[in-house]
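Notes for the one structure printed next.
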Amino acid sequence: KGSVVEYDRIIAADADFLVPRVEKARVLYSDYQWDASAAAYRQVQIPSADDWLQNALGGLAQKDPRGGAALAPYLAAHLPGKSCEDELAKLAPGLDADLQQGMRCIVLDYEARAAEQNAVALEAKAKDKKGWRDYEAVPLYKNLIAVQPANTEGLFDLGQTYGTLKQTRHAIEAFSQTLAVDPLNRDASVALERAGLELNPQLRPTFEFFNQRGFGQLSNISRFRYGGFLTYPFGDENESVTVGYERALYVPIRGQGQQLEGNIYTFGASKKCDERLIFFGTGHVEQYEDRLQNRVTYQAGAAYDCSDLVRVHADHFLENVLENGETLRQDIHRLGINAGADLHINRLWNAGANYRFAYYSDHNDLHEMYLTTEWKIMLPPCQLKVVLDYDYLWYARGTVYPFNDPNILIGAIHPYFAPNGFGFGEARIEWTQWLSRDFFVYSNQCWYSLQYALGFDSSLATYNSVRAVANFDVKPWLTIGADAKGIFSPVYNAEGVSAFVLLRLPYKPW
């Protein structure tokens, strides 16, 4: 805001000085004043180069009566600038030397102004798309750089746009070009280093704990996992292969069996077929001491960006049902599909929907529909977001207790929360604050997020949810993060905590 005040003072002193007028528009954009920024970009183009040419020729005609007579037909016709320039070239040989020189100076000034205004118009159009219509922004930035190769603002923005689209190699090229023009460009230097590290192998040690109890005896178990993963990108950052190992421990409540330990070996991969379509898959070889049979659980699917506004996705999965001691004893697992879409409506408003169908090994069917929408009220570095979501699930068959006693779960049929119809709606507020100087794509960031949600289910039970998330890029090659959350209600309670360390190797060892 202080910058805008100073730029206005410079503009008032010299209205034809292009640099402060463009920088004012850029500063307004960086402060999320998008309408004011667009207006400032338009102001740079007033008067247009064509109008300026007409005015300059009119002034020349008034100073020289002979020139006025020669220029009068062209001034009356109000020809477009380029057409007027061509006609003046034909007229010039019949005029005296002084008038020719005056016209030549005006034409050269017109060409410079037209080139400047064309670049400003391209930059304004590109920034109007950046951050929410990034596929459309890319060709606009390319056109800008083609006519203004030394525009470091455009080069850096192009790298940011590529980064948002996970086109890492293109982003690296754009940041490199920025530094070729301006070797002291700090942001480009930071982004180039981080983007390069995103393409190197990564080690990720993790820890996760989750505990739930409620819905009678149906959701009563504690789950522990710890281990590590190695990811090797082979293309852009979202094209990679992953291997990992986790030690798992499941602890049912007393009376539902002993704790169960196991090993989980993970193999995963993702590959883009083009800029918009990506396939992904993750398989887990799960081995346990007893109860749960050894099997490969997995999730495999694809996502496609139909446009900047719509992404569709679908996947197929097989997973164990780990809800209580009886689901472990009966070795219940489920096979199913997810299909959904994410909508990027505008810069501040997103929405999404997902449908899930699952077939359970104990001959039961699940249908689930999840809807969500979110609005950003404030933007970084102090971001405030409101989220609304609704989840509805329906099972073909409900739980059947032995002896009709809900306190006895051993021997129950479908021993998991399986309502014939259950809806849950939630309103959540999320406060995220960046403590770091930077929060652009490929910057080193430090932030925390505090969240609170109030929810109601179809039985009018009330749920209070809290969550705290933190992320700290200690170094470009080192990130640590933690996540803690809790759900509290008369019918269901849960707590969870997880943490990770991410090590980006400084080179590719193979």
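Index from 1, following the sequence. Computed from a predicted structure; not experimentally measured.
Looking at T231 and Q202, their side chains never bring a donor and an acceptor atom within 3.5 Å of each other. Between the side chains of D438 and Q445, no donor-acceptor pair is found at a separation under 3.5 Å. A side-chain donor from one of E237 and T168 sits under 3.5 Å from a side-chain acceptor of the other. Judged by distance alone, the side chains of N354 and N338 do bring a donor and an acceptor atom under 3.5 Å apart. Between the side chains of N211 and S222, at least one donor-acceptor pair of N or O atoms lies under 3.5 Å. E123 and N151 form a side-chain donor-acceptor contact under 3.5 Å, judged by distance and modelled atom types alone. When only modelled atom types and interatomic distance are considered, Y355 and E368 share no side-chain donor-acceptor pair under 3.5 Å. Side-chain atoms of W349 and T373 include a donor-acceptor pair closer than 3.5 Å. Residues H333 and Y360 bring no donor and acceptor atom of their side chains to less than 3.5 Å of each other.
Annotation for Q287: atom CD counts as buried by contact number, over 12 foreign heavy atoms lying within 6.0 Å. Residue-environment remark: CG (D35) stays at or below the threshold of 12 foreign heavy atoms within 6.0 Å. No more than 12 heavy atoms of other residues, nucleotides or ligands shown are found within 6.0 angstrom of CG on N404. Few gaps surround NZ on K272; more than 12 heavy atoms of other groups in view lie less than 6.0 Å from it.
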Inset, instruction - For salt bridge (Lys or Arg N to Asp or Glu O under 4.0 Å), just list the numbers for E208 and R225, CA-CA rounded to whole Å, side-chain angles, deciding distance to a tenth of an Å, and then say yes or no. - result: CA-CA 5 Å; E208 181 180 355; R225 284 188 179 185; 5.5 Å; no

Inset, instruction - Report the C-alpha distance between R504 and E198 in whole Å, list the side-chain angles of each, state the deciding distance to 0.1 Å, and finish with yes or no for salt bridge (Lys or Arg N to Asp or Glu O under 4.0 Å). - result: CA-CA 7 Å; R504 302 173 186 87; E198 295 294 347; 3.2 Å; yes

Inset, instruction - List the steps and the verdict of side-chain hydrogen bond (donor to acceptor under 3.5 Å, both in side chains) for N464 and Y452. - result: CA-CA 7 Å; N464 289 278; Y452 169 76; 2.5 Å; yes

Inset, instruction - Show the numbers, then the answer: is there a side chain to side chain contact (heavy atoms under 4.5 Å, CB included) between E374 and T372? - result: CA-CA 7 Å; E374 64 177 36; T372 184; 5.7 Å; no

Inset, instruction - Show your reasoning for whether side-chain hydrogen bond (donor to acceptor under 3.5 Å, both in side chains) applies to D157 and Y141. - result: CA-CA 8 Å; D157 279 358; Y141 276 117; 3.0 Å; yes

Legend entry - Worked check of side-chain hydrogen bond (donor to acceptor under 3.5 Å, both in side chains) between Y226 and E246: CA-CA 5 Å; Y226 61 90; E246 290 179 291; over 6 Å; no

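Aromatic pair Y448/F472: centroids not less than 6.0 angstrom apart. In summary, the aromatic rings of F207 and F500 are positioned with their centroids too far apart to meet the 6.0 Å limit. Side-chain rings of F424 and Y463 approach one another, their centers coming within less than 6.0 Å. Between F422 and F417, the distance separating the two ring centers is shorter than 6.0 angstrom. Taking the six-membered ring where the residue is Trp, the centroids of Y250 and Y288 are separated by under 6.0 Å. Aromatic pair H367/W394: centroids less than 6.0 angstrom apart. If you look at F267 and H284, their ring centroids are not closer than 6.0 Å.
Relative orientation of the F175 and Y442 rings is perpendicular, given thresholds of 30° and 60° on the angle between their planes. Aromatic ring orientation, F156 versus F440: perpendicular (interplanar angle above 60°, classes split at 30° and 60°). Taking the six-membered ring where the residue is Trp, Y392 and Y390 present parallel rings, their angle staying beneath 30° rather than reaching 60°.
Remark: R356 is positioned above the aromatic ring of F317, its terminal NZ or CZ atom under 6.0 angstrom from the ring centre and at most 45 degrees off the axis. Relative to the ring axis of Y29, K127 places its NZ or CZ within 45° and under 6.0 Å from the centre. At least one cation-pi condition fails for R204 and F229: the charged atom is not both under 6.0 angstrom from the six-membered ring centre and inside a 45 degree cone around its axis. Y135 carries R276 over the face of its six-membered ring, with the cationic atom under 6.0 Å from the centre and within 45° of the normal.
Side-chain atoms of T327 come within 3.5 Å of backbone atoms of E323 as a donor-acceptor pair (strictly under, hydrogens ignored). With R194 contributing its side chain and S443 its backbone, the two residues share a donor-acceptor pair below 3.5 Å. A distance-only check finds no donor-acceptor pair linking the side chain of D182 to the backbone of T178 [under 3.5 Å].
The line from CG of D315 to CZ of F279 is 13.0 Å long, rounded to the nearest 0.5 Å. Atom CG in N320 sits 10.0 Å away from atom CD in Q293 (nearest 0.5 Å). Atom CD1 of I278 and atom NZ of K166 lie 10.0 Å apart (nearest 0.5 Å).
Across all non-hydrogen atoms, the minimal contact from L409 to E326 is O-CG, 3.5 Å. Shown here for H344 and G131, the closest heavy-atom pair between the two residues is NE2-O, 3.7 Å. Contact between E136 and D308 at its shortest, heavy atoms only, is N-OD2, 3.1 Å. Pairing each heavy atom of I345 with each of N350, the nearest pair is N-OD1, 4.2 Å. The shortest non-hydrogen separation linking L366 to R334 is CD2-NH1, 3.7 Å. Contact between K376 and R347 at its shortest, heavy atoms only, is CD-O, 4.3 Å.
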